[in-house]
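Lettering of chains follows the sequences in order, A, B, ..., and the numbering in each one begins at 1.
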Amino acid sequence: MATALNSVNERRLRPIYEQLDNGNNKKAFHEAEKVLRKQKDLLAAKVLKTIALHRMGKQQEAFALSNVIVAQEPTDENSLQGLSLYYKEIQKTELISKIYEAAVKRFPTNEDYLTHLFMSYVRHEKFQEMQRVAMTLYKHHPKNPYLFWAIMAIVLQAKSTSNQKLSETMYLPLAEKMIEKHIEKGKLEAEAEVRLYLLILNLLEKHEKVLAVLKGDLGKKLTSELKGLAFAVLAAEEKANRWDRVNAEYKRLLNERPDVWNYALGYLNSFFKLYGNPPAQEENSILNKLIPQPDYTLDQVFTFINELVERENQYEWNRSRGPYLLKLEMLLRLKMNLQNQDETEQLGTPRKILLQYAQDFSSKPCCFHDVKVYLSLLSQEDVDEFIKELSDQLDELTESDVQSDLSELTTPEINRGKEKEIQRHIFIVQVARYLGKHELLSLEEKIKLAEGYMERYEKGLCYSADRPLTDGIVVDAYCVSVVWLLIDIFTDTDDAMWLWRCVGLLEYGLTNSPHNYEMKLLLIRTYCRLGLFTPCASIYDSLELKHIQHDTLGYLICEQVGNLGHFHLASQVLQVARSFYVTNNKDSVECLITCFRNGTFHKISELVSYRRRVGNSLHAAYIRTEHVLMDLYTECDIDQALDSLHENVDPERIEFEFLTDNRDFSVISDINPVKKRLCDELIDKSFIEDKRWLCFRELLLRSFQSILYGARSKNSQQNGHSRDVDSNGHVDDDYVQELEKFCSEELPPPPQYPYHGPHPTKLRLCFEAKYPQTMVSLFRYCQGLSSASEDNMQQLDELSDKIKTVYDNIKEFLETCCHGILAECKQDFKATINDGSMLTEPIPENLLRVKTGVIERLVLCMEMFSLSALSLVCMQPYVLAVKSDLQRKKRKKKGKQTPVQLPSFINDYQASVEGMKEIGAQFTFAMKRLQNDVKIIRDSCKLSEEDDEDSAAELDETLENKLNITDSANQSNQQNNEICCDVKDENSSTSNEHSSNPVSTNNENIEVFKSDEEICGKDLSEIGKIFDRSLRIAAGSILTSSKQMQTIIDARLKSLKDLKV
Amino acid sequence: MLKFNRVNLDPLTETYAVGFYLQYLAKWPEYFMVAESPSGEIMGYIMGKVEGRLPDDWHGHVTALSIAGDYRRLHLAAELMNRLEEVSENKKALFVDLFVRKSNQVALKMYEKLGYVIYRTVLDYYSSPDGDADEDAYDMRKPTSWDKNKTSIITQKTIITSDELH
């Protein structure tokens, strides 16, 4: 009977499922209604109706219905699964536990419900509950996996507790005992179970026991990984400090496969443990010559390494890198561990070894990365000699190439040979730079060197012509080296002209090699330095960064896009990054569940730490904070700005001590001399600086939230809409106090980040602008006003100082940046050497005149203005309330005859509104100047023609419009909590949209060039055209920034205009 | 994943959603291998799985294989492939298969050198990096020692559409 009923239900439900699957939510809704008319208690149909409602955008209705269903405690598969799906979609997976808890309550032994309940706890890392449920499962359904789920849950508790002792004395021993009891019963079955046992023993540091297990029957179960057992034994022996065994084993492995670097490291690590503590000799092993003996004297190691090298030397070609690098690593470790290097003669001098390495491998791009660590082995005297020897080596090799009969070679063969030769030379260039040779050159010498590289670049291009573009071009490295030289000169002279030369070169380089990401990264960096964001968007797009790369590489543009005043784009970029973190959280948790289902226990703790690392990413916290803050100061409609503030501020404060730094700076390969290299210390410093910056942004945001939210509830009460306010309009003072403290703290001296390193934050600029102090004054003013009543008139009158500070500070800062973006005329650098080369091509004067910091300052100023104006608007109801109170009372007292004498704070309020308007007007004027400058820049374009007029700006605007639409769609999405299931599609579709535009920008520009070539081709070289295009790009980028700022200013001015008290 | 950018910034290397990598890690951890350089950079990685029905379709699959530009021409890819084949041998897979862009001549030649043959062509399998038309893929296979008669590389149909694949 039950099954018959079920199949009837199934048949009835099927059409609803089908409609939902096809995305016909409305039809699904009607189907569900239809079924419910026939069978009004069918919970599963109600669940599907909930999902349909939700997907139709009726979130509240859907959620209400879901609560009705839950109250009836459904226990059928369809309802429970459907509800789970719904909760996943609305990102309330914690509610899944609730429904299964109820189901389990009614059917305490049901395997299915218990399993689902277990998994629902996995999602929220409720380890204790997991343990309990798994044990219940095992009790009623004694299957191995359930027991091991419970054991794993115990291990997770051990790992997550802050109480180390509890973990060592309670959790882990318990887990150990449970497994051992199981082994005694002979019930241990799977490899995963053995691995979990070993994991626990490892955590307990019972390494001898691990070895015993591995050597017993259980060890034989380790089969899935290649040589799983052997390596498990080796790892255990390492942990058990059995260095003689470890050393001997790695020696054996190295003999088999000399190119595996792990073996090399294992061998050396164990040797240095043995060195000075020779192992007690085991008699048997001496007799048994088949087993390799450990090495514990320098002589032994030298002999072994030399043997490996000798053996490798016998190969004519395709030599492995391992033995040679092992030699270098040994030398490096000797240098670090033992100051005495006299004994290293047996291995040879570093210079010779490095030279031989270059002989064998410098034709491959990995060579430089391989040896860069070991270049430090060279003494100062060695360096020059080494570079000279490298050049001689190159000459010799080239000569021997030339001698071979070229006529017999095919073009590809010649090309490959030439590429190798070029690569060898590039190696020398990189080594010379790395060892600081470029630092010694004068400006003229640098330029001469750079020109030499450019010549090689041009000449070498043809040899890679037969390769697909996606492979990259070997001579690209010359282009990059020249850019580094130009950056050197820029660093010395602080003259932006050199950045423009970088732009010219990189843009040119990318026309030849459109997939070179290093050039793209440097170009983004350079445009940002120049204060122009428009070109970065398309370059960033072409990198096709996705998913996890938002976390590791998002730092490339996320801050700059807003700092440079491209707010629409910024909002879009931040939104995409935010949805990545949401998706990541969701997807990675599902993988945890997969791990439990598949029994890959040893991956669970890895996954847990991965989740922590990305979840606590500083970038994630920054994105969340900045996005809401930016909405607040860029949203024209004040009500909407406040809505977004109210809805999107994270309820939890940022836990700064747990934040992680996931930025990947290794994407640009660092060939720089030691002073200009990006070291870990600097990255750490920038991490600290970023945290400080984030702290400021968070305090700002939370202060606004508490103050403006209070004001808003006041406002809506007046309008008769009583809102559901829990804060009673009460103003929380904590954040402002913290902010005050922040202001008083001294800034550490600014770290000198290298050019390719982290962006400095705006912290310093903010302090120059007295931004934090201004905001404190603003908040104090608002707090004062919001507590306004007749009783504290005196205090209120003292407030006027506060708002005057706000007004004065903004005005003062605006003064520093309101004079347009074009500096006085500037002379281009006139090089004496080789006129007409790429490095001396004249740069249009108007490009050189563009001042780099202006936009950033204007943006900051606009931000301060926008936030202050917004606060003033929000404070109006308080002032009005006091005023009307006064008038009413005075009217009562004195009748209508005397006009009301208003307290001075009301007049001050009115005055500050007028003051703000004045700043707004000045701002508008500054924007006009900016736009005038844009016109000057654009007019100086040689290549522009009628249909190209305003193209950059227009394209930029269409891009914005498009983004604006997707952006607002995104926002509403966010408000509706609709992101969940379609996030991936959402992302890809928006980012596609995002990408399609910049691409078209490029295309159009290229087309413009083509048609122009005929007209102006004679006048302009390749680089000249790039510079000319740069004029248009610069104009477009500045125009975009100024227009977007103007829009916000206008909106604020409009709000201020209506403000009368 | 946090460090693989120098590999994945390559235009032909797809960066998948986090869940994709993690699912492989959760289900087939032994099929995920990373080659690190002495300086600790990721030189390349391979990611695969074992799947299919017994008796004649149980096989290893190469999902992704990529080597950073600076570490090419060192036979790293071949080394990683060898290991993946060994893992598959251990699992008694009958063959190992993979998909490759028709235009990716370098990879194609390498796979052929390693003993893979073109089993069939799958139409429009890859999306283009430049937004042009989709690209065909070769479905390549290499039998393991468990496929004694090498039957797994014989096919009825040499060209299929991507829909037929599933």
Side-chain angles (χ1 to χ4, degrees), chain A residues 223-226 228 259 261-262 264-265 318 321 325 329 364-366 368-370 372-373 468-472 515 517-518 543-549 551-553 580 583-584 586-588 590-592 594-595 597-598 600 602-603 606-607 610 613-614 662 664 666-667 669 984 995-996 999, chain B residues 1-6 8-33 35-43 50 67-76 79 82-87 89-91 101 103-106 129-131:
Chain A
T223 53
S224 67
E225 282 175 28
L226 290 181
D259 204 28
W261 191 241
N262 282 347
L265 292 180
N318 266 352
R321 303 178 289 157
L325 290 174
E329 179 70 22
K364 301 183 180 195
C366 66
F368 175 72
H369 302 284
D370 288 343
K372 66 180 176 191
V373 197
L469 282 175
T470 46
D471 269 11
H515 295 291
Y517 62 84
E518 207 160 292
L543 286 169
E544 288 197 75
L545 300 186
K546 286 183 227 165
H547 311 300
I548 186 71
Q549 290 172 320
D551 189 36
T552 56
L553 295 176
F580 158 71
T583 319
N584 177 64
K586 212 177 55 168
D587 288 0
S588 57
E590 293 306 318
C591 292
L592 263 181
T594 312
C595 281
R597 288 199 190 278
N598 289 41
T600 37
H602 56 294
K603 290 287 161 198
E606 268 177 50
L607 258 176
Y610 164 82
R613 176 136 184 214
V614 178
N662 298 336
D664 180 6
S666 71
V667 279
S669 77
K984 269 183 246 164
S995 69
S996 64
V999 168
Chain B
M1 234 194 291
L2 300 169
K3 290 280 164 207
F4 68 16
N5 289 315
R6 282 188 73 91
N8 277 33
L9 281 168
D10 175 88
L12 293 181
T13 303
E14 176 69 21
T15 300
Y16 298 103
V18 166
F20 189 71
Y21 297 105
L22 296 183
Q23 286 290 347
Y24 272 78
L25 215 53
K27 288 184 191 159
W28 306 280
E30 62 277 7
Y31 268 95
F32 215 127
M33 286 173 271
E36 252 181 55
S37 76
S39 50
E41 282 175 56
I42 294 185
M43 300 191 285
V50 60
I67 307 290
D70 286 345
Y71 293 96
R72 295 195 183 146
R73 299 195 288 121
L74 294 168
H75 309 281
L76 285 175
E79 173 69 26
N82 282 337
R83 291 186 181 214
L84 186 131
E85 286 163 19
E86 252 183 89
V87 174
E89 285 275 351
N90 273 352
K91 297 200 181 287
R101 280 175 193 274
S103 67
N104 193 346
Q105 286 298 319
V106 185
D130 308 321

B/Arg83 bridged to B/Glu30 by N-O distance under 4.0 Å
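Looking at B/Arg83 and B/Glu30, the cut-off is not met.
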Considering only NZ, NE, NH1 and NH2 on the basic side and carboxylate oxygens on the acidic side, decide whether A/Glu590 and A/Lys586 come within less than 4.0 Å.
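No.
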Side chain, backbone, both or neither: which part of [X] has a non-hydrogen atom closer than 4.5 Å to chain A?
{"X": "B/Lys91", "answer": "side chain"}
{"X": "B/Glu89", "answer": "neither"}
{"X": "B/Glu41", "answer": "side chain"}
{"X": "B/Tyr31", "answer": "neither"}
{"X": "B/Asn90", "answer": "side chain"}
{"X": "B/Met43", "answer": "side chain"}

Pick whichever of [options] has the most heavy-atom pairs under 4.5 Å with chain B.
{"options": "A/Lys546, A/Arg321, A/Lys372, A/His369", "value": "A/His369"}
{"options": "A/Lys603, A/Gln549, A/Glu225", "value": "A/Gln549"}
{"options": "A/Leu553, A/Asp551, A/Leu325, A/Asp471", "value": "A/Leu553"}
{"options": "A/Leu607, A/Asn318, A/Thr223, A/Asp259", "value": "A/Asn318"}

Chain B contact via A/Glu518 - side chain, backbone, both or neither, heavy atoms under 4.5 Å
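When you check distances to chain B, only side chain atoms of A/Glu518 fall under 4.5 Å.
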With only heavy atoms counted, which part of A/Leu545 is less than 4.5 Å from chain B, the side chain, the backbone, both or neither?
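Just the side chain, heavy atoms under 4.5 Å.
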Could you check which of B/Val87, B/Asn104, B/Val106 has the highest count of heavy-atom pairs closer than 4.5 Å to chain A?
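Between B/Val87, B/Asn104, B/Val106, the count favours B/Val87.
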Between B/Arg72, B/Glu79, B/Glu36, B/Met33, which residue shows the highest count of heavy-atom pairs closer than 4.5 Å to chain A?
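Most heavy-atom pairs under 4.5 Å with chain A: B/Glu79.
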Side chain to side chain, B/Arg73 and A/Cys366, heavy atoms closer than 4.5 Å:
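No - every pair of side-chain heavy atoms lies 4.5 Å or more apart.
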Looking at A/Tyr610 versus B/Tyr21, is the centre-to-centre ring distance below 6.0 Å?
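No, the ring centres sit 6.0 Å or more apart.
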So does B/Ala68 get a backbone contact from the side chain of B/Asp10, meaning a donor-acceptor N/O pair under 3.5 Å?
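Looks like no, no N/O pair under 3.5 Å.
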Does any N or O in the side chain of A/Asn662 come within less than 3.5 Å of the main-chain N or O of A/Arg613, such that one atom is a donor and the other an acceptor?
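Yes; judged by distance alone, with no hydrogens or angles, the pair exists.
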Given the rule in the side-chain contact (heavy atoms from CB on, under 4.5 Å) test, do B/Phe4 and B/Thr15 qualify, once you have shown the distances and angles that lead to the verdict?
CA-CA 10 Å; B/Phe4 68 16; B/Thr15 300; 4.2 Å; yes
Criterion side-chain contact (heavy atoms from CB on, under 4.5 Å) on A/Val667 and A/Thr552, from CA distance to verdict
CA-CA 10 Å; A/Val667 279; A/Thr552 56; over 6 Å; no
Let me see the working for A/Asp370 and B/Tyr71 under side-chain contact (heavy atoms from CB on, under 4.5 Å), right down to the final yes or no.
CA-CA 10 Å; A/Asp370 288 343; B/Tyr71 293 96; 4.1 Å; yes
